[in-house]
Amino acid sequence: MTTHTRSTSRLRHDPLVRGLGWASALLGVPQLAAPAGFARALGVDDAFRHRSATTAVGVRELTAAAGLLGRPHPVWLWARVGGDLMDLTMLTRALKNHDGRGLGRTVAATAAVTALTATDVYAAVTRTRRSTRMELTAATTVTRPPDEVYALWRDLERLPDFMAHLDEVRVTGPRTSHWQASAPFGKAVAWDAETTQDIPGQVIAWRSVEGADIDNSGEVRFTPAPGDRGTEVRVTLRYDLPGGALGKAAARYFGEEPHQQLDDDLRRFKQIAEIGEVVRSEGAPGGKKARGEFPQHPARPLTEDELKEALA
């Protein structure tokens, strides 16, 4: 059996894919059969350009429906995403040039298409088998000695305290652990990992084992900072991002930029290592929204004791 045949068989029985196929059919039929009435239902007039646009969208929807229900493939899901972006562009233009009549219906249609776009992006990313190999690097300097900084990171079950998308890390053996994390678009992933290198005060390296939702590996190196200023922490992460290049672009568009995530994680690690907790600024009182709030207190000047400790 070819890869294409396996993919088609898998998607043919996928409830979300079939649901989106029927949604395309239900939207496409009235747009093709009665474009003027459909345009008025959206709160815009039935001018020739609106009827033509509605008819074109109807043809596109029925084509996507035939693909998703007949020979489902991720390309049809990505076609829906592209169509959604076109629809949002047209609706935004309609809102900008609206004469006020039926404005509420146009606003409601825009909100509905926005929600549908998010669903289509999620389906396209999670049903696309291709993956992009990602390698992320980041570094920070912590005003603590290497042995102490290493010990904090080596306590794997504390990693979710500063890594935004980690929900839980559970140590399962001397060199093994189980990880659970949040992925883009609300998806959860899990994997078992093994420690491949562990030199106290210098380096920790790990990799996922067979059966992981996302294959990944990484290492953290701890080196004395120049001028006796503490420890340089250098992190390298490698993983397969589901959905290929399109999935990567979509994740970035929806606020899941992996490089920024790693920089933020290291910033929080530095705070925990130096002052014992994550501090949020008064300008962002809600804290990090990616996975609920970290145990934070509002930003404030260090006490005299904290300042002495940080400078020690």
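- Considering every non-hydrogen atom in both Ala25 and Ala65, the closest pair reads N-CB, 3.6 Å.
- Annotation for Arg207: atom CZ does not count as buried by contact number, only 12 or fewer foreign heavy atoms lying within 6.0 Å.
- With ring centers used as reference points, Tyr239 lies 6.0 Å or more from Trp191.
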Open item on the list: Please determine whether side chain to side chain contact (heavy atoms under 4.5 Å, CB included) holds for the pair Val142 and Glu274, giving the CA-CA distance in whole Å, both sets of side-chain angles, and the decisive distance to 0.1 Å.
Closed with: CA-CA 7 Å; Val142 178; Glu274 293 180 346; 3.9 Å; yes

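- Residues satisfying the side chain to side chain contact (heavy atoms under 4.5 Å, CB included) criterion with Asp147, sequence neighbours excluded, are absent altogether.
- In this structure Arg175 satisfies the salt bridge (charged side-chain N to carboxylate O under 4.0 Å, His left out) test with no other residue, sequence neighbours excluded.
- For the 3.5 Å distance criterion, the side chains of Arg267 and Thr140 fail to qualify, holding no donor opposite an acceptor.
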Name each donor-acceptor pair under 3.5 Å that joins a side chain in residues 224-231 to protein atoms two or more places apart or in another chain, with its distance.
| unit_1 | atom_1 | unit_2 | atom_2 | d |
| --- | --- | --- | --- | --- |
| Arg229 | NE | Pro226 | O | 3.1 |
| Thr231 | OG1 | Arg144 | O | 2.5 |

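- Residues that satisfy the side-chain hydrogen bond (donor to acceptor under 3.5 Å, both in side chains) test with Ser177, not counting sequence neighbours, are Trp179.
- Counting heavy atoms from C-beta on, the side chains of Thr63 and Trp76 come closer than 4.5 Å.
- Side-chain atoms of Asp198 and Tyr150 form a donor-acceptor pair, as typed in the model, at a separation below 3.5 Å.
- With sequence neighbours excluded, no residue satisfies side chain to side chain contact (heavy atoms under 4.5 Å, CB included) with Thr92.
- In this structure Ala112 satisfies the side chain to side chain contact (heavy atoms under 4.5 Å, CB included) test with no other residue, sequence neighbours excluded.
- Val220 places a side-chain heavy atom less than 4.5 Å from the side chain of Trp206.
- To the nearest 0.5 Å, atom CG of residue Leu136 and atom CG of residue Asp263 are 9.5 Å apart.
- In this model, a donor atom of one side chain and an acceptor atom of the other lie less than 3.5 Å apart for Asp167 and Ser182.
- The existence of a salt bridge linking Glu157 and Arg170 is excluded, since no basic side-chain nitrogen approaches an acidic carboxylate oxygen closer than 4.0 Å.
- By the side chain to side chain contact (heavy atoms under 4.5 Å, CB included) test, Ala111 is found to be paired with no residue, residues two or more places apart in sequence or in another chain being considered.
- The salt bridge (charged side-chain N to carboxylate O under 4.0 Å, His left out) check on Arg18 picks up nothing, with sequence neighbours excluded.
- The two residues Glu148 and Ala273 come nearest to each other via the heavy atoms OE2-O, 4.5 Å.
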Task: Residues Val235, Trp153; criterion side chain to side chain contact (heavy atoms under 4.5 Å, CB included); working and verdict - done: CA-CA 11 Å; Val235 180; Trp153 198 292; 3.8 Å; yes

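- A distance-only check finds a donor-acceptor pair linking the side chain of Lys270 to the backbone of Thr141 [under 3.5 Å].
- Residues passing the salt bridge (charged side-chain N to carboxylate O under 4.0 Å, His left out) test with Glu210: none are found, sequence neighbours excluded.
- In this structure, the side chains of Leu20 and Asp120 come closer than 4.5 Å at one or more pairs of heavy atoms.
- For the residue pair Gln261/Asp265, the side-chain donor-acceptor check at 3.5 Å is not satisfied.
- Thr236 places no side-chain N or O within donor-acceptor distance of the main-chain N or O of Gly218, the cut-off being under 3.5 Å.
- Clustering of Ile, Leu, Val, Met, Phe, Trp and Tyr side chains at separations under 4.5 Å places Ile199 together with Val203.
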- [ ] Could you check Leu68 against Trp22 for side chain to side chain contact (heavy atoms under 4.5 Å, CB included), going step by step and ending with a plain yes or no?
- [x] CA-CA 8 Å; Leu68 290 173; Trp22 284 111; over 6 Å; no

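- Here the side chains of Glu277 and Asp161 are not in contact, with every heavy-atom distance at 4.5 Å or above.
- In terms of the side-chain hydrogen bond (donor to acceptor under 3.5 Å, both in side chains) criterion, Thr137 has no residue partners (sequence neighbours excluded).
- Residues passing the salt bridge (charged side-chain N to carboxylate O under 4.0 Å, His left out) test with Asp215, sequence neighbours excluded: none.
- Glu232 has no carboxylate O lying under 4.0 Å from a charged side-chain N of Arg221, or vice versa, which leaves the two without a salt bridge.
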Task: Derivation and outcome, side chain to side chain contact (heavy atoms under 4.5 Å, CB included), residues Arg80 and Leu116 - done: CA-CA 10 Å; Arg80 278 188 56 87; Leu116 190 58; 3.4 Å; yes

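- In this structure, Tyr122 and Leu16 have side chains that are in contact, with non-hydrogen atoms separated by less than 4.5 Å.
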